[in-house]
Number of protein chains: 2
Amino acid sequence: MLISETSVEQCAGSIVETLPLFLRLIRAELRRHPRLNLSLPQLRALVYLRDQPGASASGMAEYLGVTRATASTTIERLVQRELITRTDDPQERRRVVLNLTEAGHRQLEQASTIAQERVAEALAGLSPSRLRRINEGLLLLQSVLHTRAGITR
Amino acid sequence: MLISETSVEQCAGSIVETLPLFLRLIRAELRRHPRLNLSLPQLRALVYLRDQPGASASGMAEYLGVTRATASTTIERLVQRELITRTDDPQERRRVVLNLTEAGHRQLEQASTIAQERVAEALAGLSPSRLRRINEGLLLLQSVLHTRAGITR
DNA sequence: TATTGTTATACTCTATAACTATA
DNA sequence: TATAGTTATAGAGTATAACAATA
């Protein structure tokens, strides 16, 4: 199927080219607020714990798409900054229980707002139709990734 | 305009959530081929030089969306690995002239193929209509970013 | 034995700051 | 003075490998 293959390749190329552009936008914006000082993975970690309070380190690793070792260091940094808590699970003593602190909730709220505002700024002026098409494409991508993008090692 | 604002926020959220998922997919795939051993920024640097032979370090920084200092170290690594050359510009002696080596061309070719194949694999099975909509959304995003996503410091 | 999690090590990415050289 | 580029320093992200503790 040549037509379909061409589209797949076009998509792949578009993805490789588009993603880094947005990442730098968000990174730059987060960095511009020294009070927050959250990296994108850190922000995602906080989002995960907001949505899945009490999650484990393994769950975090899976969500972030990194190894457990990497998740462990990310978690450690957030614990030291007192944005999350890490306690033992009495039932399953190998497991840790992760939760946002009050400060974590606040920083997450602020960072999300800032990142979204910056992205929204970049999107400002686009017609509703274009916004809809952009969002539609992204949602389709998400559905693909959530079902198939498990870590492959 | 409430409707439009809602879409902008949805888009922003979709972007923040979708991008890292794809990045890890590509990163993991590139990493899985030790012969290549190219990071995503390195791959993008090679792509840039393929399309803009003789480019300067400043041009590279702008393309990658990083500071000149960062671009300089990235360039240095690629020079040491003999994937690119960095020579003086006789006309403008502050400037450097960057080009792919033969090895750089080969690695770029291989890495692009591998990355695209992995992404294509993730997209496999999507209907032509969905692929078209995904691609359309990404192209719209690119056009926004290329015109407005200059580095802000 | 399998799973959860941590630590040690090593790279890369990235920025800011300070610097040199050229225009 | 302004621009092109480098280097030093620092911190984060990431992996692999080796390990401890628990199931």
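Naming: A, B, ... by sequence-line order, numbering from 1 per chain.
When the P atom of C/dT12 is taken as reference, atom CG of B/Asn37 falls 7 Å away, rounded to whole Å. For A/Leu64 and D/dA15, the CG to P distance is 10 Å, given to the nearest whole Å. In this structure, A/His33 places its NE2 atom 16 Å from P of C/dA15, rounding to the nearest Å. When the P atom of D/dA15 is taken as reference, atom CD of B/Glu29 falls 14 Å away, rounded to whole Å. In this structure, A/Leu30 atom CG and D/dG11 atom C1' are separated by 16 Å, rounded to whole Å. Rounded to whole Å, the distance from CG on A/Leu25 to P on C/dA15 is 13 Å. Between the P atom of D/dT6 and the CZ atom of B/Arg95 lies a distance of 12 Å, rounded to the nearest Å.
A rotation axis mapping the C1' atoms of four pairs onto the next four is fitted at both ends of the helix from C/dT1-D/dA23 to C/dA23-D/dT1 over five pairs, and the angle between these axes is 10° to 10 degrees.
Listed by chain and number, the residues in a side chain to side chain donor-acceptor pair (under 3.5 Å) with B/Thr87 amount to none (sequence neighbours excluded). In this structure B/Thr73 satisfies the side chain to side chain contact (heavy atoms under 4.5 Å, CB included) test together with B/Arg77, sequence neighbours excluded. Take A/Arg27 and apply the salt bridge (Lys or Arg N to Asp or Glu O under 4.0 Å) test, not counting sequence neighbours, and it matches no residue. A search for side chain to side chain donor-acceptor pair (under 3.5 Å) contacts involving A/Glu136 returns B/Arg133, not counting sequence neighbours. For B/Ser72, the side chain to side chain contact (heavy atoms under 4.5 Å, CB included) criterion is met by no residue, not counting sequence neighbours. Partners of B/Glu92 according to the salt bridge (Lys or Arg N to Asp or Glu O under 4.0 Å) rule, which considers only residues two or more places apart in sequence or in another chain, are B/Arg94. Applying the side chain to side chain donor-acceptor pair (under 3.5 Å) test to A/His105 and every residue at least two apart in sequence or in another chain returns nothing. Every residue meeting the side chain to side chain donor-acceptor pair (under 3.5 Å) condition with A/Gln80, not counting sequence neighbours, appears here in chain and number order: A/Glu76.
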Open item on the list: Quick one, A/Gln52 with A/Asn99, criterion side-chain contact (heavy atoms from CB on, under 4.5 Å). Give me CA distance, side-chain angles, the key distance, then yes/no.
Closed with: CA-CA 8 Å; A/Gln52 305 286 334; A/Asn99 279 292; over 6 Å; no
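Near DNA chain C, meaning a heavy atom under 4.0 Å away, the residues from residues 38-45 of chain B are B/Ser39, B/Pro41, B/Gln42. DNA chain D is contacted by B/Ala69, B/Ser72, B/Arg86, B/Arg94 of residues 69-94 of chain B, taking any non-hydrogen atom closer than 4.0 Å.
Screening residues 95-111 of chain B for salt bridge (charged side-chain N to carboxylate O under 4.0 Å, His left out), with sequence neighbours left out, gives B/Asp89-B/Arg95.
Considering only side-chain N and O atoms, B/Arg68 lies nowhere under 4.0 angstrom from the phosphate OP1 or OP2 of D/dG5. The side chain of A/Arg27 contributes an N or O atom lying less than 4.0 Å from OP1 or OP2 of C/dT14.
Counting non-hydrogen atoms of other residues, nucleotides and ligands closer than 6.0 Å to CZ of A/Arg44 gives a total above 12.
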